[in-house]
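A short worksheet on the structure shown next.
Atoms considered below: every heavy atom in the structure, side chains included; atoms not considered: hydrogens, waters and symmetry mates.
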Amino acid sequence: MDNSMIIIIVSVVAALAIIAAAWMFIQKKRTDQLRSRFGPEYERMLETDGDRRHAEAVLKERQQRVAKLDIRPLSAEDRQRFEQAWKREQAHFVDDPKGAVAEADRLIGEAMRARGYPLGDFEQRSADISVDHPMVVENYRLAHEIALKDRRNEAGTEELRKAMMHYRALFEDLLETQAAVAREGTR
């Protein structure tokens, strides 16, 4: 083998190594961005899906879908109206835990609609919420699970109380209340 052939082989190998390193860097950067953006939702997707590439593709699709939506903050009047409705439901819990949880679920849907989220099936709603509210989407899932149990008359008062707490965390995030803003600052 002559020197020119060796130089060509070394150059090709070096070029391939550079391309591989660049590809790995881009993949790591994408992973880091998604992990940072989605937080615990990223980890949940990895556990659920088992395939990092597929889980990341799903999260990226969510981002693109939500980016096309007209998600907007609530007006001061709407925020106040929702806060008052929430306080009524929390007080209502003492007399009618089942009714309060059902109303909390309805209020979450109404707040989502007011913000511009489409109200499809639960899985689509939670996927959409995960893009802008990744730290509290699990609360939504847990509360919804308890609400479903309650519809089958399988949830006790303590579970209903937990559902209200889970709904409250998402509700505060959706309304962008001071409590949610303070929580956001500590993450």
Side-chain angles (χ1 to χ4, degrees), residues 14-76 78-80 82-83 86 104-105 107-148 161-187:
L16 290 174
I18 290 170
I19 290 170
W23 182 82
M24 288 173 30
F25 174 77
I26 290 168
Q27 291 302 309
K28 182 172 179 354
K29 187 174 180 178
R30 177 184 175 183
T31 295
D32 290 347
Q33 287 173 337
L34 288 169
R35 183 174 275 134
S36 174
R37 170 80 188 250
F38 283 94
E41 182 68 4
Y42 179 91
E43 300 305 325
R44 181 189 157 289
M45 285 296 299
L46 283 181
E47 285 177 29
T48 303
D49 197 275
D51 177 10
R52 183 185 55 79
R53 276 193 190 159
H54 184 259
E56 288 182 358
V58 169
L59 292 173
K60 196 72 177 155
E61 287 172 20
R62 286 183 192 180
Q63 274 185 302
Q64 292 167 349
R65 173 183 156 72
V66 170
K68 294 176 186 174
L69 301 175
D70 182 25
I71 307 299
R72 58 201 168 276
L74 294 171
S75 66
D78 280 344
R79 184 177 297 110
Q80 185 176 18
F82 281 119
E83 286 173 342
W86 184 259
D105 188 57
L107 272 173
I108 291 286
E110 191 178 323
M112 287 176 65
R113 187 178 317 109
R115 293 280 317 267
Y117 290 98
L119 295 183
D121 69 342
F122 174 77
E123 290 304 319
Q124 187 61 61
R125 286 192 318 263
S126 60
D128 290 346
I129 284 291
S130 75
V131 174
D132 295 325
H133 306 277
M135 301 302 184
V136 294
V137 69
E138 188 60 23
N139 285 301
Y140 189 31
R141 288 188 183 100
L142 292 170
H144 182 74
E145 186 177 310
I146 294 169
L148 291 176
R161 185 188 70 76
K162 288 178 181 176
M164 288 296 286
M165 292 171 58
H166 292 307
Y167 277 134
R168 181 177 59 208
L170 175 59
F171 196 74
E172 289 173 349
D173 239 32
L174 283 171
L175 268 56
E176 298 173 328
T177 64
Q178 289 184 357
V181 171
R183 242 192 348 265
E184 200 58 44
T186 61
R187 290 185 192 151

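Of all heavy-atom pairs spanning Ala111 and Leu175, the tightest one is CB-CD1, 4.0 Å. The two residues Pro73 and Arg115 come nearest to each other via the heavy atoms CA-NE, 3.7 Å. The shortest heavy-atom contact between Leu74 and Phe82 is CD1-CD1, 3.9 Å. The two residues Leu69 and Pro118 have their closest heavy-atom pair at CD1-CD, 3.5 Å. Across Ser126 and Val137, no two heavy atoms sit closer than the pair O-CG2, 3.2 Å. Phe38 approaches Val131 most closely through the heavy-atom pair CE2-CA, 3.7 Å.
Here the CZ atom belonging to Arg168 is positioned 8.5 Å from the CE atom belonging to Met164, to the nearest 0.5 angstrom. Interatomic distance, Lys28 NZ to Gln33 CD, rounded to the nearest 0.5 Å: 11.0 Å. With values rounded to the nearest 0.5 angstrom, Asn139 atom CG is found 9.0 Å from Asp173 atom CG. Distance check, rounded to the nearest 0.5 Å: CZ of Phe122 to CG of Asp105 gives 8.5 Å. Distance CD/Glu56 to CG/Leu46: 7.0 Å, rounded to 0.5 Å. Distance check, rounded to the nearest 0.5 Å: CG of Leu34 to CZ of Arg52 gives 10.0 Å.
If you run side chain to side chain contact (heavy atoms under 4.5 Å, CB included) between Tyr140 and each of Arg125, Glu145, His133, only Arg125 comes through.
Relative orientation of the Trp86 and Phe171 rings is parallel, given thresholds of 30° and 60° on the angle between their planes.
Under the 3.5 Å distance criterion, the side-chain polar atoms of Ser36 are left unmatched by any main-chain donor or acceptor of Asp32.
Between Glu43 and Arg35, some side-chain heavy-atom pair lies under the 4.5 Å cut-off. Arg65 places a side-chain heavy atom less than 4.5 Å from the side chain of Gln124. Here the side chains of Ile129 and Leu174 are in contact, with some heavy-atom distance below 4.5 Å. Ser130 places a side-chain heavy atom less than 4.5 Å from the side chain of Arg62.
Look at Arg141 and Glu41 and you find a salt bridge, because one of the NZ, NE, NH1 or NH2 atoms lies within 4.0 Å of a carboxylate O, short of that distance. Salt bridge present: Arg37 and Asp132 bring a charged side-chain N and a carboxylate O closer than 4.0 Å.
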